[in-house]
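What follows is one structure encoded as structure tokens, with my remarks underneath.
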Amino acid sequence: MATIVPAVFSFVRELYQGSFDIEAFEKEVGRDFDSSEIAQITAKFEQEAKGLRNKDEIRRIITFIDLTTLNGDDTGSKAVAVAKRAIQPIPTDASIHCGSVCVYPQRISDIVKYLKETNQKTHITGVAGGFPSGQYHLKSKILEVELSVADGATEIDIVISRAAALEQDWKTVHDEVHALKKACGNAHLKTILATGELKTLSNVYKASWASILAGSDFIKTSTGKEAVNATLEVSYVMCTAVKRWFELTGKRVGFKPAGGIKTVDEALAYVVLVKNVLGEEWLNPELFRIGASSLLDDALNAL
Ligand SMILES: O=C[C@H](O)COP(=O)(O)O
């Protein structure tokens with residue numbers, strides 16, 4: 001780490017030695033963002049997205065989708081039905097798969113059982129760690145992650161503590177994500193910032209950094225349960241942090257916009273944003289996902 005991270009990011013080195021210096025964190029990543037400037041940039045992305053609407057791009061979008069069902073009345077058979085769609089979303093094309101099927105912890109084992117019985121594979125994302133509010137004891141968040149991984153989730157989506165973020169307690173945000181990353185074992189960790197509840201773009205940037213520094217494999221905008229979910233504006237700020245981390249360390253963290261993305265046109269705007277800010281190399285399911293429950297319907301209608 002010492003040879004890769006420049007001196008200006010000395011706090012990253014200290015972090016890896018087990019300390020989190022909040023003053024250094026604020027100094028290094030505290031910055032303001034100009035909303036109107038970002039709005040102009042994202043308006044261009046939306047414009048560019050209009051020219052991208054073709055069948056190949058729509059098929060590619062389908063491969064990015066974490067096909068989601070997160071409802072109180074989800075049953076085992078509903079979860080399995082969604083998993084079947086994630087495995088073969090286009091009925092006439094067995095070569096295309098969604099990024100994963102995303103469910104609550106109690107539904108993970110239903111999908112694992114179905115995959116075993118039918119000898120099929122898909123990534124299973126379990127939302128855990130006090131999803132969606134994060135208002136739970138850390139011990140129960142850790143246990144929920146451990147149980148979800150034991151049940152067979154290959155990817156875990158957790159939420160940050162918005163309470164800690166709003167109190168500018170970035171050490172707690174970082175330390176919780178770090179503990180949950182450890183609980184994931186080999187499962188990939190996607191950390192949800194719930195940006196609609198973070199109040200400022202400066203907070204979105206700091207939350208991105210705290211989550212990246214804690215070892216998140218992806219950072220994700222929203223749970224789909226906040227009043228305001230994914231927006232291009234917060235995505236721009238989050239991808240700016242992902243890009244800076246890559247410039248400093250050579251490490252690629254993934255990005256997942258989620259919540260309220262229902263149409264191909266909306267999804268294409270995120271594709272253009274990622275391509276422009278992070279580069280084409282991010283546009284594969286290893287580094288880019290879209291969390292969505294209904295986007296697949298619009299994509300299939302458009303094919
Ligand atoms: O993580 C995925 C989101 O919960 C999905 O949200 P959505 O139902 O608005 O598509």
Side-chain angles (χ1 to χ4, degrees), residues 58 61-75 78-79 81-83 85-86 89 97-108 111 122-134 141 144-145 148 153-160 162 177 180 184 187-198 204 207-208 211 216-235 238 253-271 274 285 287-302:
I58 294 168
I61 279 175
I62 291 173
T63 69
F64 298 144
I65 297 175
D66 279 349
L67 193 62
T68 300
T69 183
L70 294 171
N71 300 305
D73 61 358
D74 286 345
T75 57
K78 166 97 182 283
V82 177
R85 284 192 94 199
H97 318 287
C98 290
S100 79
V101 54
C102 177
V103 292
Y104 273 120
Q106 224 182 2
R107 301 278 66 88
I108 295 165
I111 298 172
T122 180
H123 282 298
I124 303 172
T125 296
V127 294
F131 179 99
S133 70
K141 294 182 187 180
E144 199 173 62
V145 169
S148 298
T154 52
E155 305 182 358
I156 296 290
D157 286 13
I158 59 143
V159 288
I160 65 161
R162 276 85 93 192
V177 175
L180 296 174
C184 279
H188 271 209
L189 176 68
K190 305 189 208 102
T191 300
I192 305 168
L193 309 187
T195 53
E197 294 182 346
L198 291 183
V204 170
S208 303
S211 303
S216 303
D217 297 293
F218 269 70
I219 53 173
K220 170 176 170 182
T221 61
S222 319
T223 66
K225 310 292 184 191
E226 289 83 57
V228 177
N229 290 286
T231 67
L232 290 171
E233 187 183 40
V234 297
S235 297
M238 290 169 71
V253 167
F255 172 63
K256 177 177 171 182
I261 302 171
K262 296 183 190 312
T263 67
V264 165
D265 290 337
E266 288 168 326
L268 283 172
Y270 288 97
V271 168
V274 167
L287 289 170
F288 180 57
R289 299 283 181 83
I290 300 172
S293 57
S294 58
L295 171 61
L296 179 58
D297 297 328
D298 192 56
L300 292 177
N301 283 335

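Order of listing sets the numbers, starting from 1, for every ligand and every atom in it. These numbers were taken from a predicted model, which means no experiment stands behind them.
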Problem set entry | Where ligand 1 meets L70 - atom numbers and elements under 4.0 angstrom, heavy-atom basis | 4 (O)
Exercise. Run the side chain to side chain contact (heavy atoms under 4.5 Å, CB included) check on K220 and M238 step by step: do they pass?
Worked result: CA-CA 9 Å; K220 170 176 170 182; M238 290 169 71; 5.6 Å; no
Seminar exercise, completed: Note: L67 and C98 closest approach over all heavy atoms is CB-SG, 4.4 Å
Exercise. Where the side chain of K225 meets the backbone of S133, is there a donor-acceptor pair that is under 3.5 Å apart?
Worked result: no
Problem set entry | ligand 1 contact by K220, heavy-atom criterion under 4.0 angstrom | yes
For this session: Evaluate the criterion side chain to side chain contact (heavy atoms under 4.5 Å, CB included) for residue pair S293 and T69; output intermediate values, then yes/no.
Result: CA-CA 6 Å; S293 57; T69 183; over 6 Å; no
Exercise. When you measure from atom 8 (O) of ligand 1 to every protein heavy atom, which one gives the shortest distance, and what is it?
Worked result: S293 OG, 2.5 Å
Exercise. What is the nearest protein non-hydrogen atom to atom 4 (O) of ligand 1, stated with its residue, atom name and distance?
Worked result: T223 O, 2.6 Å
Exercise. Is it true that R289 and D66 have a side-chain N and a carboxylate O under 4.0 angstrom from each other?
Worked result: yes
Exercise. Which residue supplies the protein heavy atom nearest to atom 6 (O) of ligand 1, what is that atom called, and how far is it?
Worked result: G259 CA, 3.5 Å
Problem set entry | Short N or O distance, G260 and ligand 1, threshold 3.5 Å exclusive | yes
